[in-house]
Number of protein chains: 2
Amino acid sequence: MNVMNDSPRRKELTRQAAQLFVQEGFDRTTVRMLAQEMGIKSGSLFHHFRDKQEILAAVIEEGTQNALVIAKAALEQCDNSAEARLQAMARAHLETLLTDRNAHVVALYEWRRLDPEARDHLSHLRDAYEALWEEVIDAALAEGLIHGDRFLVARFVMGALNWTVRWYDPAGPRSPDDLAHELVAMITHRPA
Amino acid sequence: MNVMNDSPRRKELTRQAAQLFVQEGFDRTTVRMLAQEMGIKSGSLFHHFRDKQEILAAVIEEGTQNALVIAKAALEQCDNSAEARLQAMARAHLETLLTDRNAHVVALYEWRRLDPEARDHLSHLRDAYEALWEEVIDAALAEGLIHGDRFLVARFVMGALNWTVRWYDPAGPRSPDDLAHELVAMITHRPA
DNA sequence: GGGTCAACCAAGCAAGCGCTAGTGTTAAAC
DNA sequence: GTTTAACACTAGCGCTTGCTTGGTTGACCC
């Protein structure tokens with residue numbers, strides 16, 4: 001246990017780890033594989049991270065942090081109308097899922113591999129992100145743009161969006177913006 | 001390698017394996033843990049299954065098979081209106097997710113642990129199930145009940161439904177039927 | 001009442017696992 | 001020009017893993 005800060009070196013290593021975690025899954029990724037990908041030997045890895053778990057936590061933290069920053073920025077830059085804000089959140093979500101794909105796939109699939117402390121810390125981050133969504137959805141409900149139970153609508157929408165990592169092909173004909181439009185049109189019943 | 005049929009014994013073992021796979025994840029579940037849960041020794045396990053992978057495939061096959069049967073039955077028993085069929089599919093999906101929860105959670109989380117042959121075999125089963133959905137959604141589009149891109153609508157809806165395994169609490173106040181109504185109301189814009 | 005067969009067991013192998021200890025090496029800080 | 005600390009290496013410990021082997025048991029059958 002030596003460094004533990006968030007040096008640029010560590011950020012880069014984290015990024016490489018994310019890719020391996022996606023390819024192989026956390027449990028199947030060995031410290032030797034991680035080290036090879038990073039261009040160092042397995043022993044050296046523990047200079048940067050306390051243990052394997054900490055690498056996982058770093059990957060997920062990085063992704064969630066980015067999502068939060070991007071969503072906040074998107075909300076600040078868009079109109080105040082409920083529809084524009086809904087649109088902005090959906091697009092921001094999809095763009096993060098695209099640019100930070102590895103980290104988010106890891107977060108979705110390997111969340112349960114986190115130890116309790118890391119999970120506790122990271123769930124606060126995630127809650128902050130989901131709170132943004134609930135705020136935007138509440139506004140849309142209040143404006144009569146959408147209808148229904150706020151809890152359920154929020155979960156359905158986030159489910160639809162998160163599920164995209166399973167089938168979305170960035171090389172295909174549809175942009176994240178297209179998807180966001182289509183989703184918002186679906187739940188607001190206004191033409192895309 | 002000995003039996004490989006689908007004896008009742010094997011079905012029961014599969015059910016128990018599913019529970020462990022959900023609790024621990026596939027990779028973290030050892031053959032010794034599986035054997036203990038089944039009340040046998042680890043060596044005996046290989047009388048029923050060729051290897052650990054085959055247990056995973058059996059779990060997922062069982063769950064998908066059931067989902068397909070239940071969905072078909074639901075479609076046969078309901079009205080011919082697009083809305084009723086949409087409703088029936090959503091409810092059937094949620095009910096399977098509830099009653100066969102373990103198998104479906106495993107299918108969602110551990111799909112990538114399947115070896116290529118098993119994945120190929122099982123993806124045909126899954127495709128058959130998704131084809132039912134697309135049929136129902138096509139009908140709803142044709143009737144003007146919903147609007148948008150059929151491909152995207154289908155994926156959004158299935159994402160919203162599958163995501164429920166992450167947050168749905170069977171002991172809570174909402175029944176699968178409630179959820180199905182709310183979801184259909186959300187995409188058709190008719191009151192729940 | 002010998003033969004068959006599914007079901008199970010005890011013992012253990014070969015490989016791989018996360019992680020540690022101890023030791024350079026390099027480059028900036030003093 | 002010595003000190004310091006970040007970063008890397010080699011070697012391997014202690015343990016667990018999936019799976020195999022060679023054998024026993026008891027129910028059923030002709």
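Every heavy atom of this structure was used, including side-chain atoms; hydrogens, water molecules and symmetry mates were not. Every chain is numbered from 1 and lettered A, B, ... according to where its sequence line falls, protein lines coming before strand lines.
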(request) Please determine, for the side chain of Asp51(B), which listed nucleotide (dC19(D), dC17(C), dA7(C)) has the closest atom? (result) dC19(D)
(request) Would you tell me whether Asn162(B) and His93(B) have side-chain atoms, one donor and one acceptor, within less than 3.5 Å of each other? (result) yes
(request) For Ile55(B) and dT17(D), give me the distance from atom CD1 to atom P, rounded to whole Å. (result) 14 Å
(message) Any donor-acceptor pair, under 3.5 Å, between the side chain of Arg32(A) and the base of dG16(C), if you only look at N and O atoms?
(response) no
(request) Please state whether the phosphate of dA8(D), meaning OP1 or OP2, lies under 4.0 angstrom from any side-chain nitrogen or oxygen of His48(A). (result) yes
(message) Just the rounded figure in Å: distance from P of dT10(D) to CZ of Phe46(A).
(response) 16 Å
(message) Without decimals, in angstroms, what is the distance between Met38(B) CE and dA6(C) P?
(response) 19 Å
(request) Consider the side chain of Lys52(B), meaning its heavy atoms from C-beta on, and name the nucleotide among dC8(C), dG18(C), dC19(D) that approaches it most closely. (result) dC19(D)
(message) It should be established whether His47(B) places a side-chain nitrogen or oxygen under 4.0 Å from OP1 or OP2 of nucleotide dA7(C).
(response) yes
(request) Give the rounded distance in Å between these two atoms: CD of Glu12(B) and P of dA7(C). (result) 14 Å
(request) May I ask you to decide whether Asp79(B) forms a salt bridge with Arg85(B), counting only side-chain N to carboxylate O separations under 4.0 Å? (result) no
(message) Quick check: on DNA chain C, is the nucleotide nearest Ser44(A) upstream (toward 5') of the one nearest Asp27(A), or the reverse? Name the residue that is more 5'.
(response) Asp27(A)
(message) In this structure, how many angstroms lie between the C1' atom of dC19(D) and the CG atom of Leu45(B), rounded?
(response) 10 Å
(message) Between Arg174(B) and Asp149(A), does any NZ, NE, NH1 or NH2 come within less than 4.0 Å of an OD or OE carboxylate oxygen?
(response) yes
(message) Could you tell me how far apart Phe49(A) (CZ) and dC7(D) (C1') are, to the nearest whole angstrom?
(response) 14 Å
(request) To the nearest Å, give me how far apart CD (Gln36(A)) and P (dC9(D)) are. (result) 12 Å
(request) Just compare dC19(C), dC8(C), dA8(D) and give me whichever is closest to any side-chain atom of Ile40(A). (result) dA8(D)
(message) Closer than 4.0 angstrom, basic N to acidic O: yes or no for Arg9(A) and Glu12(A)?
(response) no
(request) Give a yes or no on whether the ring-centroid distance for Trp111(B) and Phe26(B) is below 6.0 angstrom. (result) no
(request) Please check the phosphate of dA8(D) (OP1 and OP2 only) for any side-chain N or O of Arg9(A) closer than 4.0 Å. (result) yes
(message) What is the distance, to the nearest angstrom, from the CZ atom on Phe26(A) to the P atom on dC17(C)?
(response) 13 Å
